[in-house]
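To keep things clear, I will list the structure first and then write my remarks on it.
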Amino acid sequence: MRYSKYFLFTSKENPAGAINISHSLLIRGSFISQLSSGIYNFLPIGFRVLKKVWKVIEEEMDRIGALQVLMPALHPSDLWEKTGRWQTMDNVMFKLQDKKGANMVLGTTHEEIITDIVSKFVKSYKNLPLLLYQIQVKFRDEIRPKGGLVRAREFIMKDLYSFHTNWECLDKTYQDVYQAYVRIFERLSIPVESVEAFSGPIGGDVSHEFMVVTEAGEDKFVKCTNCGYAASTEIAQIKKPEINYKYKPIDKLNKVHTPSVSSVEQLVNFLGKKPQNFVKSVLYRVGSTYILVLVRGDKEVNEIKLEKYIKNELKIMEEISMAKEDDFDRLGSVIGFIGPLNLKDKILFLKNEKKLSDEIDLKIIADFSVYGLKDVIVGANEKDYHFVGIDFDNIEIDSFADVSTVIDGDKCVKCGEEYRIFPALELGHIFKLGTKYSEPLKAYFADKDGKIKPMIMGCYGIGVSRIISAILEAYSSENSMTWTFNSAPFFVYLITINMDDEAQYKISDNIYNGLSNFEVLWDDRKESAGTKFKDWELIGIPICIVIGNKIKEGLVEIKVNPNFPKTISNKKINSEFISKLFDSLSIFITLQEVEEKIKHIYNELDGIVNG
RNA sequence: CGGGGUGUAGCUCAGACUGGUUAGAGCGCGUGCCUUGGGAGCACGAGGUCCGCGGUUCAAGUCCGCGCACCCCGACCA
């Protein structure tokens, strides 16, 4: 491709409002342009990158026997109503009506549609398992899109769905997909961590996320410094401490006046203590049971873990909600000043006075973080008062549980060593769905014995457009993108220093034609050398061939994007080999060697990355 | 959805507080000269619904009100 005929409009200026390096570089390089908040055009060079990523994903999906389909982005509401997600996903759906007034939705995801398709065609175990996928646009009306392609309202996703006769078969496919994902990220040279994850509204019991560590991400995961176990902070568990707890009621409560000071942060300032010197009490309601959760002041209640605990251990199945102001009134406490010490007495008193129904129950659950605390501060269940000087065994609790979100330094549930927290961007997420969608949408099949059963399903997503940002976040620097071998829009950037110099022009033309199999972008503009070098660096093409004055001596320079070798040695191969491959390049070599060198490097890299 | 901010040339931004001829700069774009190993130089030129609507005023890019859009922080979120 000749630059002069191409659609490339680079900019020296950072776009206003771009916070992430990937966002800024993509705009500056004219890879994408913004149409509206969270809605982007892919311009020619950006679309080339998208297609490169797309191709790797397709090849790996094909390799595990998945079949590609293309489903519509525009859906009627009925299928979504059948699964209940018309309501539960309402907050992110673009909903609209057609001219007849029928409800429609722009697809946020495609479980409903694919399940509907399969239910119509597949009736027998003989046609299962079945893996179908698409690479298509998704719409989510995110309240706050940000970071360019990091969180967009319209974005490209690869979504794969699998259908099975039984769980064992799903387990096997889940492993196949897991391995396919590992290969996809390896081939794109993206350093991902796979972490245990929360299934969320998609549903199912088991899920993994593929995360890339970057400040540009919006998620967090923890990884054990010893055994390497990794999990999303949404679900990461903490090792249970050796608990030796004997309730010792305190003789005299020491109450302090804390006027209009209720949050831990305010208390820290008011009393001059650390957050760890507080026990935070958070009240939840589950049916007629109130749950008072105690966590150390520097930690947060994890509602996902709490919900699991309440359902699995306490066997209470009603919906859990945060207590409201009238709940506090009912229990004789005050919002912002609730605490565990005298709350049960208050409730007993209210019940005796017939001011509170006997059905109401209160359970006090202490997070592991509260265990062993001495001399802490808790709410006094009285406006503007806290108790001080409390030890953990002065608090009468019903049970200890792991119900707080992991923070740096918490102990690994597997081996007991310390966790570290990493900021991350989620690129892929795989789920075991079970029959969550096959039941309501009647995706049934006849088994060998003629019994009609619902199909067992899995679903597996990759944020294709988000991957583009992730690659740049992983390797790029302020004024220079770095693409990886399989994502680079071009492999070679050919610079002709002086287009008016006939010798330079002719040789450039020959090299351009001679390397036509290697995706060459020829900067054939009558611009200054500096302009061309800066553009090469900005758009991040791995190899640069420079045709300049030295051509008189039959010499040509080959340069490598200095960050590019990092994207290869990331792949656990011999780094000495990599440096050898590139070290001899940033010098002048003879004209005859150029084609040979480029072919050699290309083939070696192809073997390493895709082999 | 809460808080904050911005909206002026294709882009990045001055000008607004303190209203007053014809609204500016840099970059980019066009033409010519010159230059060709690190975003060169000179000259000329094109390019504006100052986000929209309404109001105040002799006079509004500037002040006031309403609206819209976009950005940032937080909450939210496969």
Side-chain angles (χ1 to χ4, degrees), chain A residues 8-20 23-24 27-28 30 33-39 85 88-93 107-111 138 140-148 150-153 155 157-161 195 197-204 207-211 217-220 232 234-235 300 303-304 425-431 433 436 458-463 466 479-480 495-501 503-505 523 525-539 544-552 555-557 559 586 588:
Chain A
L8 208 40
F9 301 92
T10 59
S11 164
K12 281 184 255 193
E13 304 263 16
N14 276 317
I19 291 302
N20 296 333
H23 186 193
S24 175
I27 302 280
R28 284 182 54 195
S30 68
S33 69
Q34 182 173 20
L35 177 62
S36 179
S37 177
I39 305 178
R85 292 210 291 180
T88 59
M89 286 192 97
D90 181 70
N91 53 342
V92 291
M93 279 179 156
T108 51
T109 171
H110 282 74
E111 282 82 6
K138 296 280 185 280
R140 290 187 196 174
D141 193 2
E142 299 284 355
I143 301 161
R144 185 150 114 74
K146 64 189 236 187
V150 167
R151 185 188 343 181
R153 295 197 293 172
F155 60 99
M157 182 186 237
K158 187 280 308 178
D159 42 330
L160 165 68
Y161 305 90
V195 309
F198 174 57
S199 312
I202 298 283
S207 88
H208 283 87
E209 286 171 334
F210 290 80
M211 308 280 238
E218 333 188 80
D219 290 301
K220 287 190 174 123
S232 158
E234 290 178 312
I235 60 145
E300 297 293 333
E303 294 186 7
I304 292 166
L425 181 60
E426 177 190 341
L427 297 182
H429 201 160
I430 61 180
F431 304 82
L433 294 172
K436 183 179 161 108
C459 83
Y460 320 85
I462 289 183
R466 184 180 273 185
N479 289 310
S480 174
I495 291 179
T496 308
I497 298 287
N498 186 353
M499 281 296 287
D500 292 330
D501 181 313
Q504 288 187 30
Y505 174 83
D523 195 339
R525 296 171 298 167
K526 292 186 176 182
E527 292 287 344
S528 72
T531 302
K532 295 180 181 183
F533 283 120
K534 290 289 183 191
D535 266 359
W536 169 55
E537 281 155 10
L538 176 62
I539 64 184
C544 179
I545 300 177
V546 189
I547 311 294
N549 266 331
K550 290 266 182 184
I551 203 66
K552 289 176 198 149
L555 295 177
V556 171
E557 188 180 11
K559 292 158 80 88
S586 295
F588 291 96

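Here is the naming used below: chain letters follow the sequence lines, and residue numbers restart at 1 for every chain. Because only heavy atoms are used, hydrogens play no part in the values below, and waters and symmetry mates are left out as well, while side chains stay in.
Residues A:I547 and A:Q504 approach most closely at O-OE1, 3.3 Å, considering heavy atoms. When all heavy atoms of A:S232 and A:E209 are compared, the pair lying nearest together is CB-OE1, 3.7 Å. Scanning all heavy atoms of the two residues, the minimum distance from A:E111 to A:C459 falls at OE2-SG, 3.3 Å.
Counting any heavy atom pair closer than 4.0 Å across all strands shown, A:I19 reaches sugar-phosphate atoms only and no base atom.
Relative to the six-membered ring of A:F431, A:K436 misses at least one condition, a distance below 6.0 Å or an angle of at most 45° to the axis.
Using C1' as the reference atom, B:C58 and B:C13 are 33 Å apart when rounded to the nearest Å. Nucleotides B:C51 and B:A9 are separated by 15 Å at their C1' atoms, to the nearest Å. Nucleotides B:G45 and B:G54 place their C1' atoms 39 Å apart, quoted to the nearest Å. On the P atoms, B:U21 is 15 Å away from B:A59, given to the nearest whole Å. Here the separation of B:C50 from B:A16, taken at their C1' atoms, is 11 Å to the nearest Å. Look at the P atom in both B:G52 and B:G37: the space between them is 47 Å, to the nearest Å. Across the P atoms, B:U35 and B:G41 are found 15 Å apart, a figure rounded to whole Å. B:A25 and B:C68: their P atoms are spaced 35 Å apart (whole Å).
Pairing for B:C50 is absent, judged as Watson-Crick or G-U wobble with the two contacts each under 3.5 Å. A 3.5 Å limit on both hydrogen-bonding distances identifies B:G5 as the Watson-Crick or G-U partner of B:C70. Figure legend. B:G45 is base-paired to B:C29; pairs are counted as Watson-Crick or G-U wobble with both atom distances under 3.5 Å. The partner of B:A60 is absent, by the rule that a Watson-Crick or G-U pair needs both atom distances under 3.5 Å. The partner of B:U35 is absent, by the rule that a Watson-Crick or G-U pair needs both atom distances under 3.5 Å.
Contact between the side-chain N/O atoms of A:S36 and the OP1/OP2 oxygens of B:C70 is found at a separation under 4.0 Å. Distances shown here put a side-chain N or O of A:R144 below 4.0 Å from the OP1 or OP2 atom of B:C73.
The backbone N or O of A:L8 lies less than 3.5 Å from no partner atom in the side chain of A:S30, so there is not a single donor-acceptor pair. Judged by distance alone, the side chain of A:R151 and the main-chain N or O of A:P145 form no donor-acceptor pair under 3.5 Å.
Here the P atom of nucleotide B:G74 and the CD1 atom of A:I143 are 14 Å apart, to the nearest Å. What separates CG of A:D90 from P of B:C77 is a distance of 13 Å, to the nearest Å. In this structure, the CD1 atom of A:I39 is 12 Å from the C1' atom of B:C70, given to the nearest Å. In this structure, A:E218 atom CD and B:G74 atom P are separated by 10 Å, rounded to whole Å. A:I235 places its CD1 atom 17 Å from the C1' atom of B:C77, with the value rounded to the nearest Å. Here the C1' atom of nucleotide B:G28 and the CG atom of A:L8 are 14 Å apart, to the nearest Å. Across the protein-nucleic acid pair, A:K220 atom NZ and B:C77 atom C1' stand 15 Å apart, rounded to whole Å. For A:M93 and B:C77, the CE to P distance is 15 Å, given to the nearest whole Å.
Comparing A:A18 and A:G428 by the nucleotide of RNA chain B whose heavy atom lies nearest to each, the residue mapping closer to the 5' end is A:A18. Toward the 5' end of RNA chain B, the nearer of the two residues A:G461 and A:G38, judged by each one's closest nucleotide, is A:G38.
Using modelled atom types and a 3.5 Å distance limit, the side chains of A:K146 and A:H23 yield no donor-acceptor pair.
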For nucleotides 34-45 of chain B, just jot down a letter per nucleotide in 5' to 3' order: B, S or -, based on protein non-hydrogen atoms under 4.0 Å.
--BBBBS-----
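Looking at heavy atoms from C-beta onward, A:D535 lies out of side-chain contact with A:E527 at the 4.5 angstrom threshold.
Rounding to the nearest 0.5 angstrom, the gap separating the CE atom in A:M93 from the OG1 atom in A:T88 is 7.5 Å.
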